[in-house]
**Student:** 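This is the structure I want to talk about, given as structure tokens.
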Amino acid sequence: MQKLDNYLYGLADKPPFTTLLILGAQHLVKFSLLLICPVLIVSMANGSPLVASNVISMSLIAGAVATLLMAMRNKIGAGCFIPAQASVPFFAALLITAKIGGMPLVFGMTIVAGLLQCFISPLLGFFKKYLDQQIAGFIVLIFGMWAALLGVSELFRPGNLGQLLIHGSLTQLGPVLIKSSLIGFTALAIMIGLRLLKHMRLYCILIGMLVGWLLALAMGQLLPERVMLVKQASWFALPHFLPLSHFTFNWHLLLPFLAVAILASLEVFALIAVIQNLETKQWQTDIQKISRGNLAAGIGVIFSGLLGGIAQSPIPGSIGDLIATGAHSRYIAFIYAPVLFVLAFCPKFAMIFLTIPAAVNGAAIVFMGAVMLMKGVELLQIDTLRDYQAHAFGLAFLLALSADIFPQIFLQSQSIFSWTTNYDLMIGLIVFIVLRLLFRLGQRA
Amino acid sequence: MNNTARPENLLYAFDEKASGWTLLILACQYMVSVMGASLIFPVILIQEAHTTPLISASIISVVILVIAVVTFLQAQRFWLLGSGTFLPLSASPNYLAQSMLAVSIGGVPLLFGMTMLAGIFQGIFSLVIDSIRKYFPSEIAALIIILIGIELAMLGIKEYADYQNLQDTLYVSKSFLFYCIEFLPLALIIIFERWGKGFLKLYGLVVAVVIGYLLIYFIGFMDPGSLQNIHAAKWLFFPTLASGGWHFNITLLIPFAIGALVGTIKICGALAALQELQDVRRDVPDVNQIARANFTDAMGSFFSGLLGGMGLNASSSGIALSLATGVTTKYIAYPFSFILIALAFCPKISLVFVYMPQPLIAAVLLALGATLFISGLKMLLRHIKTFKQQLTIGISLALGLSHSVYPDIYLQLPGYIQMLTGSSLALATVVAVILNFIFSMI
């Protein structure tokens with residue numbers, strides 16, 4: 001397959017200020033619905049709205065810091081822009097943690113999660129040989145599938161955890177809402193149409209979402225409870241730090257968190273490797289850079305816990321956004337992060353983003369998921385693989401997909417897979433790596 | 001004209017002859033993968049329809065008989081019939097949802113009538129294939145192959161899950177032996193494929209299934225109900241043809257037409273893939289051969305409906321096996337059809353295939369599903385050249401997969417939309433065709 005993702009602004013390119021501003025806004029609008037994640041975790045821990053408000057503000061500050069850390073390029077940071085928001089891999093683990101030990105345990109274990117991810121960073125270099133194009137392609141492909149599936153679900157029927165969890169006992173799914181799905185499909189059509197127009201490519205997702213949002217407003221399709229949240233929120237609030245007694249740890253949770261931290265590190269590897277690939281147009285992984293990027297992601301997570309927020313990590317879906325728009329300049333981080341920071345002190349503004357209809361968000365996720373699916377297929381370069389290597393990939397992918405189709409097989413209670421949001425990726429990666437190693441037996445050098 | 005580039009993994013080309021023994025063992029291998037996997041659908045349908053044992057046995061016999069005759073015709077080339085390829089038929093999952101609906105509305109006569117119509121639809125599509133082909137470019141055919149691969153594999157994994165439930169019937173505790181036996185066939189298939197040489201490489205599938213079947217039978221892990229049915233079956237049996245006649249229903253026209261359309265595109269994709277296997281440099285498929293293959297294939301559903309069976313289409317596992325082993329010779333059709341005709345009148349032996357233990361069906365479906373999935377991806381990579389194509393396939397794939405994960409969403413949609421979203425394959429095909437049409441205009 002030819003490379004089709006010619007970019008408009010590379011890592012080191014500095015777009016004009018207005019362009020940067022709009023690109024920053026685009027990422028903010030796209031991913032701002034993830035602001036609901038802290039609310040869900042606090043409600044799982046039976047926390048008050050006041051606690052939820054503080055956790056949102058602190059998470060936003062942590063997200064800003066994590067994004068900036070990733071954009072740095074000295075001892076830490078990969079020197080690229082990957083927006084940070086509620087951590088996808090750790091989300092399921094934090095939900096369970098909130099149920100077991102309330103918010104103090106969530107903050108404590110968030111710090112542990114970050115420490116574990118930092119600890120893994122230098123080890124990535126040892127596994128350089130195994131972290132190849134196929135593994136990155138596999139991760140991007142599964143993420144594309146995950147995003148696309150969630151996007152379709154959001155398009156048709158909003159669920160309380162529909163943005164992150166495909167299945168799970170905690171996911172409550174409502175009925176299909178035809179009117180809002182139509183708005184969603186309109187937004188999707190606009191995104192696709194604009195993406196095909198050369199000069200509108202940069203802002204296709206933003207414009208599609210804004211039009212969908214306005215349509216929903218005009219047709220009275222905004223969720224009343226979200227509108228109420230905006231009305232209740234204050235214009236200015238100063239988040240406060242937590243006393244030391246507010247952090248607790250449970251060492252029994254160390255193993256599942258370690259498993260999720262490994263997965264999170266592999267995700268960071270795939271995201272950074274793909275951005276490098278977009279730039280150089282060939283497969284060259286700078287493992288030092290990836291290791292520094294993972295360290296930045298780990299520190300971001302520690303910071304989230306210390307501040308009293310929930311884990312903030314690079315958003316995997318953002319890679320779809322970067323490929324679709326063709327803008328991956330690291331300078332976007334310097335606009336995106338300060339805006340997050342400002343939002344932390346202005347809850348009313350932050351809450352406004354939560355009124356974006358789930359169907360419109362779903363449209364953007366389907367669009368980005370489709371782009372990621374195809375990027376994953378391209379990276380895998382399946383036509384260059386030997387038959388048995390291709391078979392290893394095929395079986396691993398199909399088992400990962402089967403985890404989404406038959407969750408009852410894999411997601412039994414006590415299963416390590418229920419600790420991560422991306423259990424499909426975890427299952428697929430284990431099978432892929434094991435089969436690849438196994439198939440190497442008897443291979444002539 | 002011998003300027004084709006023969007690929008490394010092509011073992012027997014369309015017209016290449018093999019020795020009698022080789023053909024016989026190859027035919028057995030196809031029997032195992034095509035019959036075991038494809039007779040699931042009539043069995044599901046019969047269970048759903050609550051028909052009498054006589055009608056159930058007749059449906060299975062008719063399906064086997066028509067598969068035998070049409071597969072034989074497919075390997076010939078005279079008048080409008082035959083494409084000169086070995087393209088075994090099987091009961092098609094494309095028609096399963098529609099057939100179940102037909103049976104629930106109007107019993108088996110409605111099933112037979114609508115199946116006949118599906119055959120006529122496919123026949124019409126095959127006649128105009130040259131002019132409608134631009135709406136179904138190769139990347140859409142590749143998408144269909146990918147989705148069929150996924151569908152096969154998911155059926156396999158479901159079989160594994162169902163087999164776990166059998167433990168209660170057998171009073172077997174979750175013993176190590178039970179798990180070993182359950183996953184042994186799959187392990188054997190993988191081992192033969194990776195490390196097998198010569199005989200085992202070529203016939204790995206049938207060897208694994210035979211070993212697995214014998215072990216399961218002798219250890220006593222077979223479903224007692226199935227064993228009883230096999231014991232009770234007759235050695236010789238003449239099916240009752242189309243009992244109750246043929247009925248038609250206008251509301252089922254579109255769902256059956258979509259089933260036929262998906263079948264048509266599937267053959268386009270399958271044959272294009274098999275043609276590429278003959279000659280790696282081939283860019284443009286041989287449309288004449290594809291049209292003939294489709295016309296002959298359409299006769300499968302037509303005669304199946306006429307005689308009292310369910311919708312048929314080229315077997316996905318058969319295509320996968322050809323792609324996996326590189327064996328495409330049309331001469332396999334002779335022993336294959338001959339054995340099947342015998343089986344059609346001998347339910348005792350055909351039931352051995354019908355009640356093939358679940359771990360064996362699961363292993364075959366999963367292994368062949370993976371092969372088809374990979375072949376589809378390879379084909380996709382060769383044909384995708386523009387961002388529009390990428391978007392068409394990406395979005396269709398996303399929607400198709402979502403149907404498997406969230407089937408309940410599509411059941412809540414209005415009735416007229418549900419006609420287009422009956423299965424992940426139908427949904428993805430419809431979306432891909434629409435997007436391809438829109439993109440071709442901008």
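As a basis for the values below, the full set of heavy atoms in this structure was taken, side chains included, without hydrogen atoms, waters or symmetry mates.
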**Student:** Evaluate the criterion ring-ring contact (aromatic ring centres under 6.0 Å, His included) for residue pair B/Tyr410 and A/Phe156; output intermediate values, then yes/no.
**Tutor:** CA-CA 9 Å; B/Tyr410 296 94; A/Phe156 285 106; 5.6 Å; yes
**Student:** Can you establish whether the number of heavy atoms outside B/Lys378 located under 6.0 Å from its atom NZ is more than 12?
**Tutor:**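 Atom NZ in B/Lys378 is crowded, with more than 12 foreign heavy atoms closer than 6.0 Å.
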**Student:** So which atom in B/Ala398 and which in A/Leu149 form the shortest heavy-atom distance, rounded to 0.1 Å?
**Tutor:**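 Closest approach of B/Ala398 to A/Leu149, heavy atoms only: O-CD2, 4.5 Å.
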**Student:** Examine distances only and state if a side-chain atom of B/Trp195 and a backbone atom of A/Leu441 form a donor-acceptor pair shorter than 3.5 Å.
**Tutor:**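 Yes: the side chain of B/Trp195 pairs with the backbone of A/Leu441.
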**Student:** Show the atom names and distances, to 0.1 Å, of all donor-acceptor pairs under 3.5 Å that link a side chain in residues 364-377 of chain B to residues at least two apart or in another chain.
**Tutor:**
{"from": "B/Thr371", "atom 1": "OG1", "to": "B/Ala367", "atom 2": "O", "distance (Å)": "3.0"}
{"from": "B/Ser375", "atom 1": "OG", "to": "B/Thr371", "atom 2": "O", "distance (Å)": "2.8"}

**Student:** Please enumerate all residues that pass side chain to side chain contact (heavy atoms under 4.5 Å, CB included) together with A/Ser402, with sequence neighbours excluded.
**Tutor:**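 In terms of side chain to side chain contact (heavy atoms under 4.5 Å, CB included), with neighbours along the sequence ignored, A/Ser402 is linked to A/Leu399, A/Phe406, A/Phe410, B/Met154, B/Ile157.
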**Student:** When rounded to the nearest 0.5 angstrom, what distance separates CE in B/Met379 from CD1 in A/Ile382?
**Tutor:**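 Output value for this atom pair is 14.5 Å.
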**Student:** Which of the residues A/Leu385, A/Leu435, A/Leu155, A/Ile192 is involved in the greatest number of heavy-atom pairs with chain B at under 4.5 angstrom?
**Tutor:**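 The answer is A/Ile192.
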**Student:** Under 4.5 Å from any heavy atom of chain B, what part of A/Ile178 do you find: side chain, backbone, both or neither?
**Tutor:**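 Looking at A/Ile178, just its side chain touches chain B.
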**Student:** For a 4.5 angstrom cut-off between non-hydrogen side-chain atoms, does A/Asp383 reach B/Arg382?
**Tutor:**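 Heavy-atom side-chain distance check fails, nothing below 4.5 Å.
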**Student:** Would you compute the distance between atom OG1 of B/Thr392 and atom CE of A/Met374 and round it to the nearest 0.5 angstrom?
**Tutor:**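 Between atom OG1 of B/Thr392 and atom CE of A/Met374 there are 9.0 Å.
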**Student:** Does any backbone or side-chain atom of B/Tyr160 lie under 4.5 Å from a heavy atom of chain A? Answer side chain, backbone, both or neither.
**Tutor:**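 Interface part for B/Tyr160: neither.
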**Student:** Using non-hydrogen atoms and a limit below 4.5 Å, what part of residues 366-373 of chain A faces chain B?
**Tutor:**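 Contacts with chain B: A/Phe367, A/Ala370, A/Val371, A/Leu373.
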**Student:** Side chains of A/Val152 and B/Tyr406, heavy atoms from C-beta outward: is any pair under 4.5 Å?
**Tutor:**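 No, too far: nothing below the 4.5 Å cut-off.
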**Student:** Rounded to the nearest 0.5 Å, what's the gap from CZ on B/Arg194 to CZ on A/Arg440? Could you check?
**Tutor:**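 The CZ atom of A/Arg440 is 11.0 Å from CZ of B/Arg194, to the nearest 0.5 Å.
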**Student:** Do B/Ile393 and A/Val377 make a side-chain contact, defined as non-hydrogen atoms from C-beta onward lying under 4.5 Å apart?
**Tutor:**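 With C-beta onward as the side chain, the pair stays apart.
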**Student:** I need the residue from B/Lys388, B/His383, B/Gln389, B/Lys158 with the largest number of non-hydrogen atom pairs under 4.5 Å to chain A.
**Tutor:**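 The option with the most such pairs is B/Lys158.
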**Student:** For residues A/Met145 and B/Val405, determine if any side-chain heavy atom of one lies less than 4.5 Å from a side-chain heavy atom of the other.
**Tutor:**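 No, side chains not in contact.
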**Student:** Could you measure the distance from the OH atom of A/Tyr388 to the CD1 atom of B/Ile190? Nearest 0.5 Å is fine.
**Tutor:**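 Those atoms lie 14.5 Å apart.
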**Student:** Tell me every residue that passes side chain to side chain contact (heavy atoms under 4.5 Å, CB included) with B/Ser424, counting only those two or more places apart in sequence or in another chain.
**Tutor:**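 If we apply the side chain to side chain contact (heavy atoms under 4.5 Å, CB included) test to B/Ser424, skipping adjacent residues, the hits are B/Glu151, B/His403, B/Ser404.
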**Student:** So which residue, B/Ile409, B/Leu401, B/Leu413, B/Ile438, ends up with the most heavy-atom pairs under 4.5 Å with chain A?
**Tutor:**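 The candidate making the most pairs under 4.5 Å is B/Ile409.
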**Student:** Between atom CZ of A/Phe439 and atom CD1 of B/Ile191, what is the distance when rounded to the nearest 0.5 Å?
**Tutor:**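 With rounding to 0.5 Å, CZ (A/Phe439) is 9.0 Å from CD1 (B/Ile191).
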